[in-house]
> 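Dropping a structure here in structure tokens format, bear with me for questions.
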Amino acid sequence: MSAGKLKLVLQDGSEVEVEHGISARELAEQVDGDLAAKAIAAKLDDEIIDLTRPITRPGKIRFLFEDDGDEDSLYVLRHSAAHVLATAVRSLWPNAGIGFGPPIAEGFYYDFDVEQPFTPEDLERIEARMAEIVAADQDFERREVERGEAQQLFSDDPYKLERLEEIEEGDVISVYRDGDFLDLCRGPHLPSTGRVGNYKVLHAAGAYWRGDERRPMLQRIYGTSFFENSHLEEHLRRLEEARRRDHRLLGKELDLFSIQEDVGPGLIHWHPKGAMIQFVLRRFLEDELLRRGYEFVYTPHISRETLFRRSGHLQGYSEVMFPAMEMEGEKENYRVKPMNCPGHMAIYASRQRSYRDLPVRYAEIASDYRNEKSGTLHGMLRVRGLTMDDAHIFCRPDQVEDEIYAMLDLADYIYGTFGLRYRLDLSTRPAKRIGSDEVWDEAEDALRSAVERRELTYAVDVGGGAFYGPKIDVKFLDAIGREWQGSTIQLDFVLPEKFDLNYVGADNQKHRPAMIHRAIYGTFERFVGGLIEHFAGAFPVWLAPVQVGVIPVSDELDEPARAVQQALLDAGLRAELDNRSETLSYRIRDGELQKLPYLAVVGKREADGGTVAVRRRGADQKQLVIPVAQFIEQVAEEDRSRALI
RNA sequence: GCUGACGUAGCUCAAUUUGGAAGAGCGGCUGAUUUGUAAUCAGCAGGUUGCGGGUUCAAGUCCCGCCGUCAGCUCCA
């Protein structure tokens with residue numbers, strides 16, 4: 001090959017020889033003029049590049065298009081939309097400082113340093129100005145500059161200068177211009193602003209520069225964009241759907257729980273119906289735990305600080321712990337527990353253990369209290385009083401993998417029963433850690449092979465583990481595709497040391513057991529909050545706080561209706577009688593709004609025939625008149641089988 | 001914790017812009033109605049406008065502090 005020529009492999013596998021420095025667009029034109037017009041960017045091996053970017057190395061190249069459904073295409077679009085947003089803001093607020101403006105999972109944002117936070121009206125003006133910029137169809141021009149010139153160009157932009165400092169010597173510094181707006185940016189971008197199609201400015205909120213609470217707060221504007229208007233509309237519909245499912249609203253409408261100012265933020269009152277859901281979840285899990293060799297323990301809610309000093313919580317976790325309770329005449333203060341592990345350690349340590357006893361699996365459903373920062377509290381999802389389905393497993397090092405495997409199996413069974421799909425994150429050793437590399441190797445290998453034995457796919461969060469051990473997080477997906485934190489499985493090298501836990505091995509020597517923290521639901525607060533949103537409040541029979549609403553047509557039918565209710569209760573089902581002095585229609589409507597799975601109407605005909613007129617929630621079908629016994633068996637079977645309909 | 005917005009009856013919201021008698025619907029209670037598949041009718045009760053200060057002849061409305069909620073940041077089960 002002659003000097004100044006490059007070999008590129010096209011998507012169809014054919015090879016072309018091109019001039020060194022040819023742009024992707026020129027290449028596209030050589031192949032097909034139509035292609036050049038339609039392409040929005042190109043991908044050289046794994047690097048997305050602008051169409052105008054000179055190609056200076058051989059590789060595989062393919063073009064990105066608006067309609068290829070490729071994540072990378074959306075990435076380029078949203079990145080460009082973020083720039084259009086910044087262009088608009090800069091034209092309306094010429095002195096606005098600019099921070100970062102990346103594409104994110106569902107759209108993009110851009111951070112600005114402005115005197116006054118943006119108001120909703122500002123956002124409308126910005127969106128309108130964006131439309132002008134898109135209509136003007138300004139080219140995105142890329143240019144590579146020397147460090148000195150870049151410093152010159154961004155001399156008024158301290159955030160960009162800071163970013164510039166971090167670009168290593170020898171790395172390319174690129175800037176992009178569209179119209180009057182110039183940004184330090186790696187790119188790539190669409191060919192021009194006119195290609196930014198369907199976008200929406202969503203909301204604004206404060207965000208620390210670089211996520212650091214000690215640094216200035218910038219104003220972040222969130223937006224999203226799509227190539228297809230129908231996709232944008234679908235996305236906005238999904239946001240609306242998420243609002244409709246909000247567990248805080250449903251929790252009020254369905255009378256599941258409340259949070260009260262006089263009691264304190266982040267403290268959940270489980271009303272009878274919400275408590276029933278928790279009760280069902282508990283019973284389900286507890287039965288399963290017994291089957292799987294767990295033992296239940298109960299530990300105090302408060303204890304002397306001695307315990308938390310020993311566990312290290314006082315030193316490392318105190319900012320999250322509620323303040324000390326002073327006891328008159330006692331040297332030691334008391335604390336309310338933020339976790340259950342110290343208590344379980346204490347039980348393990350209370351007597352000698354033989355290797356024959358292991359694994360020991362202690363389970364406790366217990367409420368813990370953590371003084372979470374006020375701004376992080378959110379309904380049932382982030383609270384200060386949290387009820388974990390906690391367990392600690394003590395085992396020999398060679399048992400770790402099997403124990404992890406068993407936990408994954410349990411999580412799979414539980415989540416499967418709820419119809420929840422999930423994925424795993426494996427978090428490995430962080431830079432700051434305790435324990436030798438050999439111990440970490442062994443621990444991480446155990447986690448990995450347990451996951452792989454179950455043939456589960458997982459993502460690795462390198463360096464994401466706690467300083468005391470690696471972990472697996474289970475993230476479940478709800479009905480509209482959102483991820484929720486569920487189970488967490490956490491190896492711990494520290495606590496067994498701190499509590500000097502040991503067992504006597506077959507060699508008659510003392511050994512240190514391995515210890516695993518794990519929760520399956522995580523916390524009842526968060527899990528139930530998630531379930532409310534997943535089911536949009538329409539719980540399947542086995543979870544529904546009230547499974548059947550029994551409605552007599554009129555006063556004279558109270559007794560037969562009450563008999564139906566009692567028969568349901570006798571069958572272990574949850575039934576309510578609605579004999580209010582309201583019309584039948586009214587009570588049916590109310591039952592539907594309360595999302596009761598079944599309404600059973602008892603009229604004269606039913607009372608005489610020993611039947612009920614059954615109305616299934618949400619079903620289009622007409623009511624079904626069936627014998628009471630048959631109806632009860634149907635509901636009981638649905639309850640027993642934990643059917644998800 | 002930080003930034004901003006918000007806080008009116010049990011709930012959802014008017015009245016706040018421009019200071020001048022706190023309102024509606026739903027829900028609740030009482031009565032009438034006895035109902036056949038998504039709202040029967042009437043009457044009544046219900047508010048120290050989150051809490052505490054301040055400005056003013058007058059504050060739901062303007063100012064300050066606190067509490068709480070929301071959107072995020074950070075953090076996390």
Side-chain angles (χ1 to χ4, degrees), chain A residues 109 111 114 116-120 122 202-222 246 248-249 252-253 255 258-266 317 319-320 338-340 367-368 370-390 466 471 473-475 484-488 490 517-527 529-530 551-558 579-594 599-606 613-618 622-625:
Chain A
Y109 67 79
D111 288 342
V114 284
Q116 298 292 322
F118 298 108
T119 64
D122 290 340
L202 293 172
H203 57 264
Y208 298 110
W209 167 239
R210 317 220 88 174
D212 186 338
E213 62 190 4
R214 291 162 305 195
R215 311 218 43 192
M217 178 160 285
L218 307 181
Q219 295 302 316
R220 175 170 298 178
I221 299 179
Y222 285 91
D246 192 317
R248 294 166 298 184
L249 298 178
K252 198 173 277 179
E253 282 170 18
D255 197 17
S258 64
I259 300 168
Q260 298 178 22
E261 187 170 341
D262 286 348
V263 178
Y317 203 69
E319 76 280 9
V320 190
M339 293 185 187
N340 310 307
S367 292
D368 298 335
R370 302 183 186 172
N371 190 11
E372 301 287 354
K373 292 187 200 168
S374 60
T376 63
L377 302 176
H378 182 91
M380 297 182 103
L381 304 184
R382 192 74 196 281
V383 294
R384 286 189 173 151
L386 46 121
T387 310
M388 299 180 71
D389 61 314
D390 208 359
K471 64 172 177 173
D473 285 316
V474 178
K475 307 276 168 72
W484 299 73
Q485 170 72 45
S487 308
T488 177
Q490 166 90 61
H517 310 253
R518 72 111 194 90
I520 299 297
Y521 293 133
T523 65
F524 285 94
E525 287 77 12
R526 187 173 281 181
F527 194 73
I551 306 179
V553 168
S554 69
D555 283 358
E556 300 101 66
L557 296 152
D558 269 11
N579 61 353
R580 287 176 296 176
S581 171
E582 298 285 355
T583 59
L584 179 61
S585 284
Y586 180 93
R587 287 173 288 156
I588 297 259
R589 175 182 149 85
D590 200 49
E592 289 285 349
L593 290 177
Q594 286 295 304
L599 296 174
V601 176
V602 179
K604 185 149 187 350
R605 293 195 295 271
E606 288 76 17
V614 175
R615 189 183 158 111
R616 170 86 224 198
R617 176 184 63 208
K622 272 287 191 187
Q623 53 156 357
L624 215 55
V625 179

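Every chain is numbered from 1, with letters handed out A, B, ... down the list of sequences. Just so you know, these numbers come straight off a predicted model, no measurement behind them.
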> B:G19 and B:A15: how far apart are their C1' atoms, nearest whole angstrom?
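These two C1' atoms come out 13 Å apart once rounded.
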
> Using a strict cut-off of less than 4.0 Å between a Lys/Arg side-chain nitrogen and an Asp/Glu carboxylate oxygen, indicate whether A:K604 and A:E556 qualify as a salt bridge.
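Between A:E556 and A:K604 there is no salt bridge, as every charged N stays at least 4.0 Å from the carboxylate O atoms.
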
> Looking at A:R214, I'd like to know if its CZ atom is crowded, meaning that more than 12 non-hydrogen atoms belonging to other residues, nucleotides or ligands lie closer than 6.0 Å.
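No, the 6.0 Å shell around CZ holds no more than 12 heavy atoms from other groups.
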
> With a 3.5 Å cut-off and just heavy-atom distances, do the side chain of A:R518 and the base of B:A77 make a donor-acceptor pair?
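Side chain to base: no pair below 3.5 Å.
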
> Can you tell me how far C1' in B:C13 sits from the matching atom in B:A9, rounded to whole Å?
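B:C13 and B:A9 have their C1' atoms separated by 11 Å.
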
> Ignoring the backbone of A:R526, work out which of B:G36, B:C76, B:G27 is nearest its side chain.
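Of the candidates, B:C76 comes closest.
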
> Any N or O donor-acceptor pair under 3.5 Å from the base of B:G72 to the side chain of A:Y109?
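Counting by modelled atom types and ignoring angles, no donor-acceptor contact under 3.5 Å is found here.
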
> Have a look at A:V383 and say if it touches a base, only the backbone sugar-phosphate, or nothing, with a 4.0 Å heavy-atom cut-off.
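Base contact.
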
> Just compare B:C73, B:G68, B:U40 and give me whichever is closest to any side-chain atom of A:R220.
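Output: B:C73.
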
> Between B:C75, B:U35, B:A39, which one does the side chain of A:R589 approach most closely?
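Nearest to the side chain of A:R589 among the choices is B:A39.
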
> Nearest to the side chain of A:R587, which nucleotide is it out of B:U37, B:G68, B:U35?
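Among B:U37, B:G68, B:U35, the one nearest the side chain of A:R587 is B:U35.
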
> Treating A:R587 as the side-chain partner and A:E582 as the backbone partner, does any N or O pair qualify as donor plus acceptor under 3.5 Å?
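At least one qualifying donor-acceptor pair exists.
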
> Under 3.5 Å, is there a donor on one side chain and an acceptor on the other for A:Q490 and A:T488?
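Judged by distance alone, the side chains do not pair up.
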
> Applying a 4.0 Å non-hydrogen cut-off, can you work out what A:Q485 is touching in the nucleic acid: base, sugar-phosphate, or nothing?
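The residue A:Q485 makes sugar-phosphate contact but no base contact.
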
> Which whole number of Å gives the distance between the P atom of B:C6 and that of B:G50?
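Per the computed distance, 13 Å lies between those P atoms.
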
> Counting any heavy atom closer than 4.0 Å, what does A:K252 reach on the DNA or RNA strands: base, sugar-phosphate only, or nothing?
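Here A:K252 touches the backbone only, sparing every base.
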
> Which part of the nucleic acid, if any, lies within contact of A:T387, taking any heavy atom under 4.0 Å across all strands shown: a base, the sugar-phosphate backbone alone, or nothing?
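Nothing, no heavy atom under 4.0 Å.
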
> Any donor-acceptor pair under 3.5 Å between the side chain of A:E606 and the base of B:G36?
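Yes, the side chain and the base share a sub-3.5 Å donor-acceptor pair.
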
> How far, in whole Å, is B:U55 from B:A71 if one measures between their P atoms?
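About 37 Å, rounded to a whole number of Å.
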
> Under 4.0 Å between any heavy atoms, over every strand shown, what does A:G206 touch: base, sugar-phosphate, or nothing? Just pick one.
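Base: the residue A:G206, judged by heavy atoms under 4.0 Å, touches a nucleobase.
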
> Any sub-3.5 Å donor-acceptor pair from A:R384's side-chain atoms to A:E372's backbone N or O?
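Indeed, once roles are kept as given, a pair shorter than 3.5 Å links the two residues.
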
> For the C1' atoms, the ones on B:U61 and on B:G23, what distance do you get once it is rounded to whole angstrom?
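Per the computed distance, 16 Å lies between those C1' atoms.
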
> If we ignore hydrogens and angles and just use 3.5 Å, is the side chain of A:R382 paired with the main-chain N or O of A:L377 as donor and acceptor?
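It does not hold such a pair.
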
> Give a yes or no on whether a salt bridge exists between A:K475 and A:D473, defined as a side-chain N under 4.0 angstrom from a carboxylate O.
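Here A:K475 does not pair with A:D473 in a salt bridge, since their nearest N and O are not under 4.0 Å apart.
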
> Respond yes when some side-chain nitrogen or oxygen of A:T583 is under 4.0 Å from OP1 or OP2 of B:U40, and no when none is.
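So the side chain of A:T583 is within the cut-off, an N or O lying under 4.0 Å from OP1 or OP2 of B:U40.
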
> Between A:S585 and B:U37, is there a contact of a side-chain N or O with OP1 or OP2 at under 4.0 Å?
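It does not, given that no N or O in the side chain of A:S585 lies less than 4.0 Å from OP1 or OP2 of B:U37.
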
> For RNA chain B, what dot-bracket results from Watson-Crick or G-U pairs at under 3.5 Å, with [ ] for crossers and | for inter-strand partners?
(((((((..((((......[..)))).(((((.......))))).....(((((..]....))))))))))))....

> Would you say B:C73 has OP1 or OP2 under 4.0 Å from some side-chain N or O of A:Y222?
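Indeed, a polar side-chain atom of A:Y222 lies that close.
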
> According to a strict under-4.0 Å criterion, is A:R605 in side-chain N/O contact with OP1 or OP2 of B:U37?
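No, outside the criterion.
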
> Using the P atoms only, state how far B:C29 lies from B:A38, rounded to an integer number of Å.
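Looking at atom P only, B:A38 and B:C29 are 24 Å apart.
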
> Please work out if A:E372 contacts a base, only the sugar-phosphate, or nothing of the nucleic acid, heavy-atom cut-off 4.0 Å.
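Base contact.
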
> To the nearest Å, give me how far apart CE (A:M380) and C1' (B:C70) are.
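Rounded to whole Å, this separation is 18 Å.
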
> In whole angstrom, give me the gap between the P atoms of B:U49 and B:G10.
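Taking atom P in both B:U49 and B:G10, they lie 12 Å apart.
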
> For B:A59 versus B:G20, give the span between their P atoms, rounded off to a whole number of Å.
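Roughly 11 Å separates the two P atoms.
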
